[in-house]
Amino acid sequence: MTKTIPPILWQASAERLAQSPTTKYLLYLEQCRGLKFQDYQSLWQWSVDDIEGFWASIWEHFAVISHAPGPGYDQVLPKASMPGAQWFSGAALNYAQQCLHWAENADFAQQTALIAQSETERERQWTWEALSSEVAHLQQLLREHGVERGDRIAAFMPNVPEALMALMASASLGAIWSSASPDMGATSVLDRFRQIEPRVLVAVDGYHYAGKAFDRSDIVVDILSQLPSVRLLILLPTLQKQDHIEARCKPLGVGFVNLQGFLADSQAQTLKPSFIPLPFDAPLWIVYSSGTTGMPKPIVHGHGGTILEGLKSLALGLDIKRGDRFFWQTSTGWIMWNSLVSALLAGATVLQLDGHPSYPDFDTLWSFVSRHRASLVGISPAYIGMCIKENYQPVQAFDLSALKTLGSTGSPLTAAGYRWVYDAVSKDVLLASISGGTDPGAAFIGASVMLPIYEGEMQCRCLGSATEAFDDDGKALVNQVGELVCTKPLPSMPLYFWNDPENKRYFESYFTQYPGVWRHGDWLEITDRGTAVIYGRSDATINRHGIRMGTSELYRVVETFEELADALVIDLEYLGRPSMMLLFVVLRGAHTLDDALSKRLLSAIREQLSARHVPNAVYAISDVPRTMSGKKLEVPVKKILLGQDPAASLNKDSMANPQSVQWFIDFAKTLNS
């Protein structure tokens, strides 16, 4: 059956396209390399057919700073296998230098580099020169305490400027950064940081969220007590609990620095940081898988890959250039925080908003981005869903005329989410719904100003990303759902997992199903128009009577019901018993799940999808279990309902709403009795 092509919601104007970084890049390819492309598809095809030529062009066009002679490297791709690809041998670069070199530009140094606001602190701003100086002082502090290349610096910090500065200071010295959000529990933090044995801990004693203060001083002490590798604590006192924490440092032999006082004292002297030239594959930071179903994977990304991917995706995907203002609502425990910081690579101003984005109301986020004339605003599909249910329309209250791009990631964005963006935010905005994430350090599926926006569909496969939808036999599919794979290496892919001898865990995570091909774990459909749809995690797949389907197909139907605020679908396959698919719904307001609503819901699923999609039963719950980045915890809930030990199925400390799991634990007892 031929699928209906969804309506086009947006296309770039001729003026927008002419002024875009993409057009500038295409002109460079034509003038400097003799390459001319009439459309995005032909550009993408070249980028994956000639990956060495493509990434060399990104290096040259965006002026990667390397201290090596000649072009700045010896060979683009001396080893192309996956895993284990080697890129840009002989390069000598540094991520922090690539981010902060704008401070050396006399015409740009006094422009604004960073603007920050929190629930309790007044707005703060830094010029490029001032930001660079703060980093230089922190770099000096780390050096004085013996930090060297390869040492790990761990952060238990919210999305505040001091975290960004500490990351830059770490990278400048060749140390390896790793961060966790302070709303995470001690167990989750220790599960991450024990694996990497940090030398320095940068932390807060608490944080504010939704109008409440959360004391984390005891957790900081607990972390220090269980991380004997830590030799220095750099504390940003938020709740003035520093005396309690400092008193515990001395018996542990841990040095103590009050970060607030240190930076205040340093402002009298302007310094310039130095940068250690590093190989392309020098480790930059360690990020983690969600940790909901086991020990989090410590994923190591490198300086060079992060620089190249950042420069490419900012300019050619998100349409960001020097002087633009970049905002993404995130926490330090999510890869999007690293992406927010990386906006500095493009010479963009970073906007940081720490706290609940909807406290005391939805206006908080939008007044911030309106006041600072954000060029890009990044939010999650879960947040968009909240706005839809509350019928919130920021365009009615705020001037959003500076907004060029609206980013969305974390889970699939529904068609209703697309419509909300164009009805409630702006009719003239590039909706960059992207998919990729923590593991590859990149997006596989993303956006381009060259292409139209079709309702409910992501625009394209990202440049340089040889992404396909594979069937079980490794055959590429078009207009059919398959496994999301990447058939050629990306510079940003993990160097390795920390403490993973012989790369065993790394290999098993991505390369077992299709040898030499990265399997990401998502269901993907690529249309014959080049657009893409993500149907959810492939390991949470519904398998009804031999027909596989993604969970997001059901969510698209459920989200049209005004009575429902959220939903979770789980397909249970029992040995020796019929499979059973259950739908759990969160009711909105005073609505109840009566027979009439259940029948309407099931009937809509049957009519809009198929009889195979119809759940066996519908249950009302108070909340859908989610990760801290907003993803629905389909797989852990499935394990619990199949009778597995809840403690082994997920880590509550890594959840945004751990209390939501108890309902399923109790329900599982009735299912399996």
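For reference, positions follow the sequence shown, starting with 1.
Listed for the R519 side chain is no donor-acceptor partner under 3.5 Å among the backbone atoms of Q513. Using a distance-only test at 3.5 Å, with no hydrogens or angles considered, a donor-acceptor pair links the side chain of E119 to the main chain of A210. A donor-acceptor contact shorter than 3.5 Å is absent between the side chain of Y209 and the backbone of D354. N159 contributes no side-chain N or O that, together with a main-chain N or O of Q352, makes up a donor-acceptor pair within less than 3.5 Å. Judged by distance alone, with hydrogens and angles left aside, the side-chain atoms of N657 form a donor-acceptor pair with the main-chain N or O of V624 at under 3.5 Å. Under the 3.5 Å distance criterion, the side-chain polar atoms of T405 are matched with a main-chain donor or acceptor of L318. When atom types are taken as modelled, the side chain of Y418 and the backbone of E457 share a donor-acceptor pair closer than 3.5 angstrom. For the pair S492 (side chain) and P440 (backbone), a donor-acceptor distance under 3.5 Å is present. At least one donor-acceptor pair closer than 3.5 Å links the side chain of Q195 to the backbone N or O of P296. The main-chain N or O of E309 is found under 3.5 Å from a side-chain atom of S313 such that the two form a donor-acceptor pair.
Aromatic ring pairs are classed by plane angle as parallel below 30°, tilted from 30° to 60° and perpendicular above 60°; the pair Y506 and F497 is tilted.
Of the N and O atoms on the side chains of T487 and E468, not one donor lies less than 3.5 Å from an acceptor on the other residue. S181 and Y207 form no side-chain donor-acceptor contact under 3.5 Å, judged by distance and modelled atom types alone. Side-chain contact of D439 with Y510: a donor-acceptor pair under 3.5 Å is present, judged by distance alone.
Here NE2 of H613 is found 14.0 Å from CD of E607. Values are rounded to the nearest 0.5 Å. Within the model, atoms CG of D361 and OH of Y392 stand 7.0 Å from one another, a figure rounded to the nearest 0.5 Å. Note that the CH2 atom of W366 and the CD1 atom of I379 stand 4.5 Å from one another [nearest 0.5 Å]. Here the CE atom belonging to M655 is positioned 9.0 Å from the OG1 atom belonging to T627, to the nearest 0.5 angstrom. Between atom CD1 of residue I299 and atom OG of residue S509 there is a gap of 7.5 Å, rounded to the nearest 0.5 Å. I8 CD1 to E455 CD: the interatomic distance, rounded to the nearest 0.5 Å, is 11.5 Å.
V204 and M157 make their closest contact through CG1-SD, 3.6 Å (heavy atoms, listed as atom of the first residue, atom of the second, distance). For the pair F193 and A155, the tightest heavy-atom approach, listed with the atom from each and the gap, is CZ-O, 3.5 Å. Considering all non-hydrogen atoms of both residues, R505 and P298 come closest at NH1-CD, 3.7 Å. The two residues F327 and L353 come nearest to each other via the heavy atoms CE1-CB, 3.5 Å. Shortest non-hydrogen contact noted between L490 and S465 is CD2-CA, 3.8 Å. V429 approaches L406 most closely through the heavy-atom pair CG2-N, 3.5 Å.
Side-chain contact between L413 and L431: present, with at least one pair of heavy atoms (C-beta onward) separated by less than 4.5 Å. Side-chain contact between L365 and Q329: present, with at least one pair of heavy atoms (C-beta onward) separated by less than 4.5 Å. The side-chain heavy atoms of L524 and T467, taken from C-beta on, include a pair separated by under 4.5 Å. Proximity of W334 to T409: side-chain heavy atoms (C-beta onward) are separated by under 4.5 Å at one or more points. In this structure the side chain of T438 never reaches within 4.5 angstrom of the side chain of S289, judged on heavy atoms. Annotation: side chain of L477 is not in contact with side chain of I526 (no heavy-atom distance under 4.5 Å). Side-chain contact check for W498 versus Y288: every heavy-atom pair is 4.5 Å or farther apart. Between I640 and F667 the shortest side-chain heavy-atom distance does not fall below 4.5 Å.
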Does the side chain to side chain contact (heavy atoms under 4.5 Å, CB included) test come out yes or no for K638 and L572, once each step is laid out?
CA-CA 7 Å; K638 179 176 182 175; L572 301 174; 4.1 Å; yes

Stepwise side chain to side chain contact (heavy atoms under 4.5 Å, CB included) check, S339 with W328:
CA-CA 9 Å; S339 298; W328 207 291; over 6 Å; no

Run W285 and S179 through side chain to side chain contact (heavy atoms under 4.5 Å, CB included) and show every step you take.
CA-CA 9 Å; W285 56 47; S179 62; over 6 Å; no

Carefully, step by step, assess K632 and D566 under the rule salt bridge (charged side-chain N to carboxylate O under 4.0 Å, His left out).
CA-CA 10 Å; K632 299 181 184 186; D566 207 351; 3.4 Å; yes

Carefully, step by step, assess D571 and M581 under the rule side chain to side chain contact (heavy atoms under 4.5 Å, CB included).
CA-CA 4 Å; D571 186 29; M581 186 166 69; 3.9 Å; yes

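Enclosure of atom CG in D666 by more than 12 non-hydrogen atoms of other residues, nucleotides or ligands within 6.0 angstrom is indicated.
With H520 as reference, F444 is the one residue of F511, Y514, F444 to meet the ring-ring contact (aromatic ring centres under 6.0 Å, His included) rule.
Taking a cutoff of 4.0 Å between a charged side-chain nitrogen and a carboxylate oxygen, K504 and E508 qualify as a salt bridge.
Both tests do not hold together for R216 against F156: distance to the six-membered ring centre under 6.0 Å, angle to the ring axis within 45°.
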